[in-house]
Amino acid sequence: MTLDITPSGQACGATVRGANLADLDAGEVAEIRAAWLDHKVLAFPDQQLTDSDLERYTLNFGPFGVDPYFASIDGHPHIAAISRLADETSSLFAENWHADWTFQEFPPDGTCLYGKVIPPHGGDTLYTNQQAALEAMPTDLRSRIEDAVAIHSARGGYAPDGAYGDDDDDDRSMAIRPNESAYATQTHRIIRTHPETGAQTLYSVLGYIIGIEGMDDAEAHALLGELYGWQIRDEFQYRHKWEPNMLVMWDNRCVLHRATGGYEGYDRLLHRTTIGYNAAVREVASV
Ligand code: SIN
């Protein structure tokens, strides 16, 4: 198979046609992996996928990741419903820039989202290419983060006193499950080498990053704020527009993403799987 790949023309992202994601052979998986590493966000329109197909597709790229704060859908322990009802008044889920679960020791390599109910307008997902952001970064800012080790935590979102915690809005339709484990911390360097492409990239963002090792909070937050302003500049972004039956997969190791609103009065439902940390590709890359 040769995939039909149309780059978005923006800082990352491509639309891919010519593959049936429910029935791929090894050669097709290898082509998709190469395109994923190249474009960082891939969109596959017109895919008829059951939940079992979505799980099987995900496992082509690594093990399932651990989703610590979502309840799964019935019968599919690795699928979470990203849902919002037409009349829901809760705060928008995932509206802040982030990479997924960076507070874990071995954060996920990627994420798959499959569009089931898509509103007629609004609800785009935004991405920002963190390899491009690092490549274009002014030397002065880069020199201040070159060896910095960031402290990550899920507490701002998923602790009992976090945004999705005990005081969260009553009518949230998503099954978010906050708990005390969100207070834990984990460190990762701010500049990391992508394990498969070898490219250097910025990793994560203020929000899940709550401090920098060896730096006092005031200095760290000033630096993280300045860095944030650079990470999300328009020229590094891709705006993804959804269609029903479209699958999108992104590379959590080198892009940030965020949800957007603008679809009040309409339901929105996507099924999500997490591509976990894949030790096998790291072994191959290090040979
Ligand atoms: C997510 O961050 O998993 C959801 C993104 C979206 O709803 O657009």
Side-chain angles (χ1 to χ4, degrees), residues 8 10 12-13 40-45 51 54-55 57-58 61 64-73 76 78-86 88 90-104 107-130 152 154 156-158 162-164 168-169 172-178 203-208 231-232 237-264 266-276:
S8 70
Q10 301 174 45
C12 58
K40 301 173 175 48
V41 184
L42 296 181
F44 300 84
D51 288 321
L54 175 60
E55 289 173 324
Y57 178 77
T58 305
F61 300 95
F64 288 122
V66 176
D67 290 324
Y69 305 115
F70 294 156
S72 58
I73 63 168
H76 295 276
H78 300 290
I79 298 183
I82 306 295
S83 68
R84 189 174 178 83
L85 299 176
E88 191 164 329
S90 67
S91 62
L92 202 64
F93 173 70
E95 200 177 13
N96 295 326
W97 287 107
H98 64 287
D100 287 327
W101 307 153
T102 67
F103 47 81
Q104 295 180 335
D109 286 354
T111 305
C112 297
L113 263 188
Y114 180 61
K116 294 181 78 73
V117 178
I118 300 300
H121 52 76
D124 300 344
T125 305
L126 305 185
Y127 296 89
T128 172
N129 179 341
Q130 296 301 284
H152 297 238
Y158 298 102
Y164 304 119
D168 192 20
D169 309 273
R172 186 175 298 285
S173 61
M174 263 187 74
I176 302 179
R177 300 285 181 265
Y203 186 63
S204 194
V205 73
L206 189 65
Y208 281 151
Q231 289 177 282
I232 65 165
Q237 287 190 29
Y238 161 57
R239 174 177 282 270
H240 176 73
K241 295 196 174 297
W242 285 95
E243 296 167 13
N245 304 322
M246 175 181 266
L247 182 133
V248 171
M249 68 186 293
W250 64 87
D251 188 337
N252 261 309
R253 299 163 291 187
C254 56
V255 298
L256 304 174
H257 64 280
R258 61 170 285 234
T260 67
Y263 55 94
E264 295 74 15
Y266 295 94
D267 292 347
R268 181 175 185 267
L269 174 66
L270 304 101
H271 278 186
R272 172 179 142 146
T273 54
T274 307
I275 304 169

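Just the heavy atoms: all of them, side chains too, but no hydrogens, waters or symmetry mates, feed the values below. Just follow the structure's listing: the first ligand is 1, and inside any ligand the first atom is 1. Not measured: the values here are computed from a predicted model.
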Atom pair CG (N252) and CG (D100), whose distance is rounded to the nearest 0.5 Å
4.5 Å

Nearest 0.5 angstrom please: Y158 OH to D168 CG, how far?
10.0 Å

Among all protein heavy atoms, pick out the one at the shortest distance from atom 3 (O) of ligand 1; state its residue, atom name and that distance to 0.1 Å.
R272 NH1, 2.7 Å

Please list, in number order, the atoms of ligand 1 under 4.0 Å from a heavy atom of R268.
6 (C), 7 (O), 8 (O)

Could you tell me whether the side chain of H98 and the main chain of H257 form a donor-acceptor pair under 3.5 Å?
yes

Any N or O of W242 closer than 3.5 Å to N or O of ligand 1
no

Considering only heavy atoms of A94, which atoms of ligand 1 have at least one such atom less than 4.0 Å away?
2 (O)

Given that the side chain starts at C-beta and the backbone is N, CA, C, O, which of these parts of A259 lies under 4.0 Å from ligand 1, counting heavy atoms, or is it both or neither?
both

As an exercise, identify every atom of ligand 1 less than 4.0 angstrom from a heavy atom of I82.
7 (O)

Residue Y266 excluded, over 12 heavy atoms near OH under 6.0 Å:
no

With respect to Y114, which candidate in L270, I79, N245, I82 satisfies the side-chain contact (heavy atoms from CB on, under 4.5 Å) definition?
N245

Nearest-neighbour protein heavy atom for atom 8 (O) of ligand 1, which is reported as residue plus atom name and distance
T125 OG1, 2.6 Å

Residue-ligand contact H98/ligand 1, heavy atom below 4.0 Å:
yes

Going through the checks in order, is the side chain to side chain donor-acceptor pair (under 3.5 Å) test met by Q130 and Q231?
CA-CA 7 Å; Q130 296 301 284; Q231 289 177 282; 2.9 Å; yes

Criterion side-chain contact (heavy atoms from CB on, under 4.5 Å) against Y238, the qualifying member of D124, T128, V41:
V41

Below 3.5 angstrom, do we get any N/O pair linking H257 and ligand 1?
yes

Quick look: R258 vs ligand 1, heavy-atom contacts under 4.0 Å, and the answer is neither

side-chain contact (heavy atoms from CB on, under 4.5 Å) partner of T58, chosen from L247, T273, T274
T273

Heteroatom distance test (W250, ligand 1): nitrogen or oxygen, under 3.5 angstrom:
no

